[in-house]
Colleague: 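Can you keep this structure in mind? I'll have questions shortly.
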There are 2 protein chains.
Amino acid sequence: MRNLVSCCPIEEVMQILSGRWPTLLIYYLQQGTKRFNDLRRDNPTISHKMLAFELRKLEHAGIVLRTEFESYPLRVEYALTPAGKRLVPLIDALGDWWEATDGNAGEQDGNAADIVDFGQSEHV
Amino acid sequence: MRNLVSCCPIEEVMQILSGRWPTLLIYYLQQGTKRFNDLRRDNPTISHKMLAFELRKLEHAGIVLRTEFESYPLRVEYALTPAGKRLVPLIDALGDWWEATDGNAGEQDGNAADIVDFGQSEHV
DNA sequence: AGTAAATTACGCACCTTTTTGTTACCACGA
DNA sequence: TCGTGGTAACAAAAAGGTGCGTAATTTACT
């Protein structure tokens, strides 16, 4: 009575992990403790608004630990919590699954290389 | 050189699984073969446009197999591919992880029950 | 020595882009 | 006329980007 039977926890997880940034941020934080601008440098395409928002989301979810130091210009450090560290191999497994699928995907449909772009833009 | 080292496959997976519907649809399809309106009945809040779009996305990703029968009113069946079935336990693991985290989350922050709502609406 | 500028980690307001929903419409057969 | 499995057009909502402000301190320039 656990395996994908209660779909609710999965919905909650996806609410946290959905989007480009959560898994990426977990990836970078898994390398070690980082500061706000470290993460911005790690990922130059994220805006500071998004970074702040996603970090707060991950913090609330218990995945990221935020530590504030009252030094010169104010310093904040971000790190994975134990729960966040336990999450890493699960995300990892998804990546492995995708690579395995991707490897032999061509046999079904013919093309699987252009999956990346799902442009739904219809207002052009 | 595989474990969360190459972040790209994870980005691709999240591009497919992000959002409310993909994991939910996988959940319902894991119960067995379904037809379009079966899935609509399973999940009344999804619009048919979204359902069609998400199903096509999952189909392109090699997770869902679409079979069209030329019977009287036209009949289409959706089912998980082998790759889709292999994905199920991974999604499952995320749900289990969340439940485990949720169980002892109170020790860190005090409240972890109201994580669900991340209203970012600022234009009210 | 005095002034200007940069750093740090954001919050806020405005605007654009993307996503999602609503509605109508299609062909077909019972 | 209803249900089947959609597509296309339009509308609303959400997500995301940009730039400004903050406050203390250090560095850079003159």
Side-chain angles (χ1 to χ4, degrees), chain A residues 11 14-25 28-29 33-61 64-79 115-124, chain B residues 11 14-25 28-29 33-61 64-79 115-124:
Chain A
E11 277 193 277
M14 290 316 294
Q15 203 158 357
I16 294 159
L17 298 184
S18 279
R20 302 171 54 189
W21 306 119
T23 49
L24 259 187
L25 294 180
Y28 284 118
L29 286 172
T33 297
K34 302 260 181 164
R35 295 167 57 179
F36 190 86
N37 283 340
D38 287 341
L39 289 167
R40 292 207 65 189
R41 276 183 285 270
D42 282 336
N43 212 110
T45 60
I46 195 173
S47 66
H48 63 268
K49 174 183 170 179
M50 267 294 101
L51 181 54
F53 178 72
E54 298 289 351
L55 282 173
R56 249 182 301 133
K57 206 171 67 171
L58 292 174
E59 189 195 353
H60 280 208
V64 161
L65 180 69
R66 191 189 116 111
T67 317
E68 195 169 317
F69 299 91
E70 296 195 27
S71 39
Y72 327 102
L74 172 61
R75 197 179 113 200
V76 183
E77 283 188 356
Y78 296 92
I115 300 173
V116 183
D117 189 33
F118 290 110
Q120 202 189 3
S121 55
E122 42 199 350
H123 60 287
V124 180
Chain B
E11 279 193 275
M14 291 316 294
Q15 202 159 357
I16 294 158
L17 298 184
S18 280
R20 302 171 54 189
W21 306 119
T23 50
L24 259 188
L25 294 180
Y28 285 118
L29 286 172
T33 297
K34 302 259 181 166
R35 294 164 59 176
F36 190 85
N37 284 338
D38 288 340
L39 289 167
R40 292 207 62 190
R41 277 183 283 271
D42 282 336
N43 212 109
T45 60
I46 195 174
S47 65
H48 56 267
K49 174 184 169 180
M50 267 293 101
L51 180 54
F53 178 71
E54 298 289 351
L55 282 174
R56 251 182 299 134
K57 205 171 68 171
L58 292 173
E59 190 195 352
H60 280 209
V64 162
L65 180 68
R66 189 188 117 110
T67 317
E68 195 169 319
F69 299 91
E70 296 195 27
S71 37
Y72 316 105
L74 172 61
R75 197 177 112 201
V76 183
E77 283 189 355
Y78 294 93
I115 300 172
V116 183
D117 190 34
F118 291 110
Q120 202 188 4
S121 56
E122 40 197 351
H123 60 288
V124 180

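Lettering follows sequence order; numbering is per chain, from 1. Below, each value reflects all heavy atoms present in this structure, side chains not excepted, and no hydrogens, waters or symmetry copies.
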Colleague: I want to verify a distance call: between D/dT4, C/dG21, D/dA24, whose nearest atom is closest to the B/Arg20 side chain?
Modeller: C/dG21
Colleague: From the set C/dT20, D/dT4, C/dG11, return the single nucleotide nearest to any side-chain atom of B/Glu54.
Modeller: C/dT20
Colleague: What residues form a side-chain hydrogen bond (donor to acceptor under 3.5 Å, both in side chains) with A/Arg75, not counting sequence neighbours?
Modeller: A/Glu77
Colleague: Where do A/Tyr28 and A/Asp42 come nearest, in terms of heavy atoms and distance?
Modeller: OH-O, 3.3 Å
Colleague: Tell me whether A/Arg41 is salt-bridged to A/Asp38, with the criterion being a basic N under 4.0 Å from an acidic carboxylate O.
Modeller: yes
Colleague: Expressed in angstrom and rounded to an integer, what is the separation of A/Arg75 atom CZ from D/dA23 atom C1'?
Modeller: 18 Å
Colleague: Can you measure B/Asn37 atom CG to D/dC2 atom P for me and round it to whole angstrom units?
Modeller: 15 Å
Colleague: When the distance from CD1 of B/Ile46 to P of C/dT20 is rounded to whole Å, what number comes out?
Modeller: 10 Å
Colleague: Is the closest basic N to carboxylate O distance between A/Arg56 and A/Glu59 below 4.0 Å?
Modeller: no
Colleague: From the list D/dT4, C/dT7, D/dG17, which nucleotide is the closest neighbour of the side chain of A/Pro73?
Modeller: C/dT7
Colleague: C/dT23 base to B/His48 side chain: any donor-acceptor pair below 3.5 Å?
Modeller: yes
Colleague: Would you mind classifying the nucleic acid contact of B/Phe69 as base, sugar-phosphate or nothing, using non-hydrogen atoms under 4.0 angstrom?
Modeller: nothing
Colleague: Nearest to the side chain of A/Met50 - D/dG17, D/dT4, D/dG6?
Modeller: D/dG17
Colleague: Name the closest nucleotide to the B/Arg66 side chain, picking from D/dG6, C/dA9, D/dC10.
Modeller: D/dG6
Colleague: Any chance you could lay out the side chain to side chain contact (heavy atoms under 4.5 Å, CB included) test for B/Phe53 and B/Ile46, step after step, and finish with the verdict?
Modeller: CA-CA 11 Å; B/Phe53 178 71; B/Ile46 195 174; over 6 Å; no
Colleague: Base, sugar-phosphate alone, or nothing: which one does B/Arg40 contact when heavy atoms must sit under 4.0 Å apart?
Modeller: nothing
Colleague: Using the side-chain heavy atoms of A/Lys49, tell me which of these nucleotides is nearest: D/dG6, C/dG21, D/dG16.
Modeller: D/dG16
Colleague: For the side chain of B/Arg56, counting heavy atoms from C-beta on, which of D/dT7, D/dG16, C/dT8 is nearest?
Modeller: D/dT7
Colleague: Name the closest nucleotide to the B/Tyr78 side chain, picking from C/dG21, D/dG6, D/dG5.
Modeller: D/dG6
